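Notes to accompany the following structure.
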Amino acid sequence: MRVLVVGASGAIGTRLVPQLIARGHEVIGTHRSPGHAGRIRDLGGEPVQVDLLDQPVVRRTVLAAAPDAIIHQATALTDLRDFKHFDRSFAQTNRLRTEGTDALLAAAREAGVRRFIAQSFASTLYERSGGPVKTEEDPLDSHPVAAMRETVAAMRYLDETVTNAGGIVLRYGGFYGEADGLIETVRRRMFPIVGSGSGVSSFIHLEDAAAATVLALELDGPGVFNVVDDEPAAVREWLPVLADTLGAKPPRRVPRWLARLVAGEAAVVLATESRGASNARAKRELGWNLRWPTWREGFAAAYAP
């Protein structure tokens, strides 16, 4: 299958390209920064520079590539730290999830591309009530905190627009597997346990996320899948383990009021009220087996000295 991977030079894209090629697919990978072409070429893909927010360029790229499938992995999530101004920090990614998705789907329709897969996110989407672990059938958060409204709306837009077009949405857990901003923050004890630390996180190693994405190409849409590991866990459980794995001191504990003052309401909600996600559907319908079934062995493999 000829596959156009949008955002091929990113964290998951660089794992996805070689796995697609190993599976026998031909890959065209988009990148925005000129310096990333070599990265895609070294992975075995054919690089093409694209600004996903330039609709005429997107149209020409898709028509020229003539892919059998499109995988939309484009985000702008590098070095995210300002959760106090959550929507402002995610503004470019929100545009990629709305305007960029629209541009890709329009081009896909014109080019006759029938398979379309897009990246979504599990941990901030689900209703913050009821049980701690949600399935794809559970309701999404209808009343996100003010600082996150635009970001949640953009993810909901992507989910609905892609599935309405017959595509597949993959709601990934929190990525890990490379030294990103979270790791440095934990090392410096700048990621505390807030209040009870009862917010539930679902994680996924980047390699396992890519593997599930490759398998999703074999399915006809529409469909939604949580691509997460087997062990959703509260912040108070996983954060000390990550700190210990990194050889860092244990995380500090701070009250909700102080975290709200310093980091904002969105950070407090994520730390105390967020829900995890079940991977049962993805394992069952994709035939997906995780190399790192839980973050416990995954953190050790990725970050232990």
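For the numbers below, each heavy atom of this structure counts, side chains included, while hydrogens, waters and symmetry mates do not. Please read all numbers here as calculations on a predicted model, not as lab measurements.
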Tell me whether [X] is salt-bridged to [Y], with the criterion being a basic N under 4.0 Å from an acidic carboxylate O.
X: Arg281; Y: Glu137; value: yes
X: Arg256; Y: Glu273; value: yes
X: Arg115; Y: Asp220; value: yes
X: Asp51; Y: Arg32; value: yes

Heavy-atom check, side chain of [X] versus side chain of [Y], under 4.5 Å:
X: Arg97; Y: Tyr157; answer: no
X: Val228; Y: Tyr172; answer: no
X: Ile21; Y: Pro18; answer: no
X: Ile193; Y: Pro240; answer: yes

Is it the case that the side chain of [X] and the backbone of [Y] share a donor-acceptor pair, with hydrogens and angles ignored and the cut-off at 3.5 Å?
X: Thr30; Y: Gly7; result: yes
X: Asp208; Y: Trp292; result: yes
X: Ser198; Y: Thr272; result: yes
X: Asp138; Y: Lys134; result: no
X: Thr14; Y: Ala11; result: yes
X: Arg2; Y: Glu26; result: no
X: Arg114; Y: Gly112; result: no
X: Ser33; Y: Gly35; result: no
X: His25; Y: Val27; result: no
X: Lys84; Y: Leu261; result: yes

Other residues, nucleotides and ligands only: do more than 12 of their heavy atoms fall within 6.0 Å of [atom1] on [X]?
X: Arg59; atom1: CZ; result: no
X: Asn289; atom1: CG; result: no
X: Met1; atom1: CE; result: yes

How is the hydrophobic cluster of Val57 composed, in terms of its other members, when Ile, Leu, Val, Met, Phe, Trp and Tyr link through side-chain heavy atoms under 4.5 Å apart, directly or indirectly?
Leu4, Val6, Ile28, Val48, Val50, Leu52, Leu53, Val58, Val62, Ile70, Leu96, Leu104, Leu105, Val113, Phe116, Leu158, Val162, Val169, Val224
With rounding to the nearest 0.5 Å, note down the distance linking [atom1] in [X] to [atom2] in [Y].
X: Ile168; Y: Glu218; atom1: CD1; atom2: CD; answer: 10.0 Å
X: Arg128; Y: Leu140; atom1: CZ; atom2: CG; answer: 12.5 Å
X: Arg95; Y: Gln92; atom1: CZ; atom2: CD; answer: 6.0 Å
X: Thr213; Y: Gln73; atom1: OG1; atom2: CD; answer: 5.5 Å
X: Met148; Y: Ser89; atom1: CE; atom2: OG; answer: 11.5 Å
X: His143; Y: Glu127; atom1: NE2; atom2: CD; answer: 8.0 Å

Pair Ser274-Tyr126, side-chain donor/acceptor within less than 3.5 Å:
no
Does one side chain, of His36 or Ser9, offer a donor that lies under 3.5 Å from an acceptor on the other?
yes
Which is it for Gln119 and Leu170 under the side chain to side chain contact (heavy atoms under 4.5 Å, CB included) test, yes or no, and what are the steps along the way?
CA-CA 5 Å; Gln119 175 188 145; Leu170 302 180; over 6 Å; no
Candidates Asp229, Asn226, Asp230 - the one meeting side chain to side chain donor-acceptor pair (under 3.5 Å) with Asn279
Asp230
Under 3.5 Å, side-chain donor or acceptor atoms of residues 293-305 against the rest of the protein: list the pairs with distances, not counting sequence neighbours.
unit_1, atom_1, unit_2, atom_2, d
Thr294, OG1, Arg296, N, 3.1
Thr294, OG1, Glu297, OE1, 2.5
Trp295, NE1, Glu231, O, 2.9
Arg296, NE, Glu231, OE1, 3.1
Arg296, NE, Glu231, OE2, 3.0
Arg296, NH2, Glu231, OE2, 3.0
Arg296, NH2, Glu237, OE2, 2.5
Tyr303, OH, Gly177, N, 3.0
Tyr303, OH, Glu178, O, 3.1

Which heavy atom of [X] sits nearest to which heavy atom of [Y], and what is that distance?
X: Leu215; Y: Gly287; value: CD1-O, 3.9 Å
X: Ser201; Y: Val235; value: OG-CG2, 4.2 Å
X: Leu286; Y: Ala212; value: CD1-O, 3.9 Å
X: Ala122; Y: Arg171; value: CB-O, 3.8 Å
X: Phe121; Y: Gly174; value: CE1-N, 3.8 Å
X: Arg41; Y: Pro47; value: NH2-CG, 3.4 Å

Tell me, which pairs form a ring-ring contact (aromatic ring centres under 6.0 Å, His included) where one or both residues lie in residues 208-267, sequence neighbours left out?
Phe191-Trp238, Phe203-Trp238
Walk me through whether Ser123 and Arg275 qualify under side chain to side chain donor-acceptor pair (under 3.5 Å).
CA-CA 6 Å; Ser123 294; Arg275 274 16 186 204; over 6 Å; no
Should [X] and [Y] be regarded as members of a common hydrophobic cluster, given that ILVMFWY residues are connected when their side-chain heavy atoms come within less than 4.5 Å of each other, either directly or indirectly?
X: Leu270; Y: Met155; answer: yes
X: Leu239; Y: Ile204; answer: no
X: Ile40; Y: Val3; answer: no
X: Leu206; Y: Ile117; answer: yes
X: Phe86; Y: Val268; answer: no

Kindly indicate, with the supporting measurements, whether the criterion side chain to side chain contact (heavy atoms under 4.5 Å, CB included) is fulfilled by Ile71 and Leu217.
CA-CA 9 Å; Ile71 302 178; Leu217 276 177; 4.3 Å; yes
Side chain to side chain donor-acceptor pair (under 3.5 Å) partners for Tyr176, two or more places apart
none
Run the side chain to side chain contact (heavy atoms under 4.5 Å, CB included) check on Leu125 and Asp159 step by step: do they pass?
CA-CA 10 Å; Leu125 269 182; Asp159 284 19; 3.6 Å; yes
Non-neighbouring partners of Val214 that pass side chain to side chain contact (heavy atoms under 4.5 Å, CB included), sequence neighbours left out
Leu16, Gln19, Leu20, Arg23
Would you be so kind as to tabulate the donor-acceptor pairs closer than 3.5 Å made by side chains of residues 245-253, with sequence neighbours excluded?
unit_1, atom_1, unit_2, atom_2, d
Thr245, OG1, Val241, O, 2.8
Arg252, NH1, Arg189, O, 2.8

